[in-house]
Protein chains: 2
Amino acid sequence: MLRSRPYTRAADLLKLAGLRPTRQRRALARLLFDDENRHVTAEQLHAEARHDGAEVSLATVYNTLHQFTQAGLMREVMVDPGRSYFDTNTSEHHHFYYEDTGRLQDIPEESIALAALPKPPLGTAISRIDIIVRLSETPR
Amino acid sequence: MLRSRPYTRAADLLKLAGLRPTRQRRALARLLFDDENRHVTAEQLHAEARHDGAEVSLATVYNTLHQFTQAGLMREVMVDPGRSYFDTNTSEHHHFYYEDTGRLQDIPEESIALAALPKPPLGTAISRIDIIVRLSETPR
DNA sequence: ATTAATGCAAAATCTTTGCACTTTC
DNA sequence: GAAAGTGCAAAGATTTTGCATTAAT
């Protein structure tokens, strides 16, 4: 007898986010969300997808990263002028940025305690607090 | 009798930084350092300089901003993918970023107390900590 | 004179867009 | 079949570069 379609976490995730589970989105979602949290640039993810045999154009990777971000599945991290990083960890947390290699690494929210946060100016609300701890390699 | 050349803070600043006090650099330095701290993009500063009658090319503005940064007179702030901001305040401090207008505003270092800073991974040292408090306008 | 800085236009990046074609619902 | 998504190549935007000219030491 017929069995239901194989379990596809990627497709389910996409549906929940209100995005059509197209072949390209499923492939990218698998790369991004199947294992642990990831930090990628569009170029990196595109290379990885192609390497995996997924046929996706770079434009679609950009579109998809923005759609995922807008859908709340990812967030954008700004650490490098002229190159956007996207992070699959959407919970409150911060980052180490290895200036030499371009690698990003999460810092759990709790491990940086913010005291005495200034209140936002009138008419505005804090939408997000980004903390980047920039690291350089110590010679020797 | 002959008097010494008029006092030119900009030229002195440049000399101290090891940069030749050319007409363009003096003009930009005056705009940047004469009054209070400033946050500018290359495009903004270029427009401002031209508006002031200074003849400077955009390429030179870019060069100059990077030279000033390398000389320790400014620092670069990353808040917007695809647009670099430069800040004349080089002391330790952080930023409010008004997402709607693109304006940057300093937050004094003391007004954010960092507790429990995680130690940098072996072989690396913290080169800088950037904190961006992103603000959005509250409707109403 | 020597060395460094500038301008310009061209190139390099990264990212977005327009539109015909394809896929999903 | 209607609506949404994709690919491609072209266009945008920002930033960098090469090299002849100009300016500072």
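In the text below, chain A, chain B and the rest are named by the order of the sequence lines, each starting its count at 1.
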(request) Could you tell me whether a side-chain N or O of B:Asn89 sits under 3.5 Å from a main-chain N or O of B:Asn37, the two making a donor and an acceptor? (result) no
(request) Report the residues that fulfil side chain to side chain donor-acceptor pair (under 3.5 Å) with B:Gln44, sequence neighbours left out, ordered by chain and then residue number. (result) none
(message) Quiz question: by atom type and distance under 3.5 Å, do the side chains of B:Glu76 and B:Ser84 form a donor-acceptor pair?
(response) yes
(request) Could I get the full list of ring-ring contact (aromatic ring centres under 6.0 Å, His included) partners for A:His39, not counting sequence neighbours? (result) A:His95
(message) Does C:dT6 have its OP1 or OP2 closer than 4.0 Å to a side-chain nitrogen or oxygen of B:Thr60?
(response) no
(message) Within residues 43-51 of chain A, which residues have any heavy atom lying less than 4.0 Å from an atom of DNA chain D?
(response) none
(message) Applying side chain to side chain contact (heavy atoms under 4.5 Å, CB included) to A:Glu55 and A:Arg23, what does each step give before you reach the verdict?
(response) CA-CA 9 Å; A:Glu55 303 198 350; A:Arg23 174 174 55 73; 4.1 Å; yes
(message) Quick check for you: name the first and last nucleotides of DNA chain D, 5' to 3', having an atom under 4.0 Å from a heavy atom of chain B.
(response) D:dT14 to D:dT25
(request) Check whether the side chains of B:Thr64 and B:Gln24 place a donor and an acceptor atom closer than 3.5 Å, and report yes or no. (result) no
(message) For A:Glu55 and B:Ala42, find the nucleotide of DNA chain D closest to each by heavy atoms; which residue's nucleotide sits nearer the 5' end?
(response) A:Glu55
(message) Just to verify, what does A:Asp87 make a salt bridge (charged side-chain N to carboxylate O under 4.0 Å, His left out) with, not counting sequence neighbours?
(response) none
(request) Specify the separation, in whole Å, of atom CZ of A:Arg25 and atom P of C:dT22. (result) 19 Å
(request) Indicate, with yes or no, if A:Val56 and A:Met74 share a hydrophobic cluster defined by side-chain heavy-atom contacts under 4.5 Å among Ile, Leu, Val, Met, Phe, Trp and Tyr. (result) yes
(request) Could you pull out all residues at least two apart from B:Phe86 that satisfy ring-ring contact (aromatic ring centres under 6.0 Å, His included)? (result) B:His66
(request) Check whether any side-chain nitrogen or oxygen of A:Gln24 sits under 4.0 Å from OP1 or OP2 of C:dT22, and answer yes or no. (result) no
(request) Report yes if the side chains of A:Thr88 and A:Phe68 come closer than 4.5 Å at any heavy-atom pair, otherwise no. (result) no
(request) Please identify each residue that fulfils side chain to side chain donor-acceptor pair (under 3.5 Å) with A:Thr101, with sequence neighbours left out. (result) none
(request) Using a cut-off of strictly less than 4.0 Å between a heavy atom of the residue and any atom of DNA chain D, enumerate the qualifying residues of residues 70-87 of chain B by number. (result) B:Gly82, B:Arg83, B:Ser84
(message) Taking ring-ring contact (aromatic ring centres under 6.0 Å, His included) as the definition, give me every residue that meets it alongside B:His46, ordered by chain and number, with sequence neighbours left out.
(response) none
(message) With a sphere of 6.0 Å drawn around CD of A:Gln70, does it hold more than 12 non-hydrogen atoms of other residues, nucleotides or ligands?
(response) no
Grab the N/O contacts between the protein and nucleotides 16-20 of chain C below 3.5 Å, and write none if there aren't any.
| unit_1 | atom_1 | unit_2 | atom_2 | d |
| --- | --- | --- | --- | --- |
| C:dT16 | OP2 | A:His66 | ND1 | 3.4 |

(message) Checking the side chain of B:Asp106 only, and the main-chain atoms of B:Pro108 only, is there a donor and an acceptor separated by less than 3.5 Å?
(response) no
Could I get a table of every N or O pair under 3.5 Å where one atom is in the protein and the other is in nucleotides 23-25 of chain C?
| unit_1 | atom_1 | unit_2 | atom_2 | d |
| --- | --- | --- | --- | --- |
| C:dT24 | O2 | A:Arg20 | NH1 | 3.2 |

(request) Please list, chain by chain and in numerical order, all residues satisfying salt bridge (charged side-chain N to carboxylate O under 4.0 Å, His left out) with A:Asp34, sequence neighbours excluded. (result) none
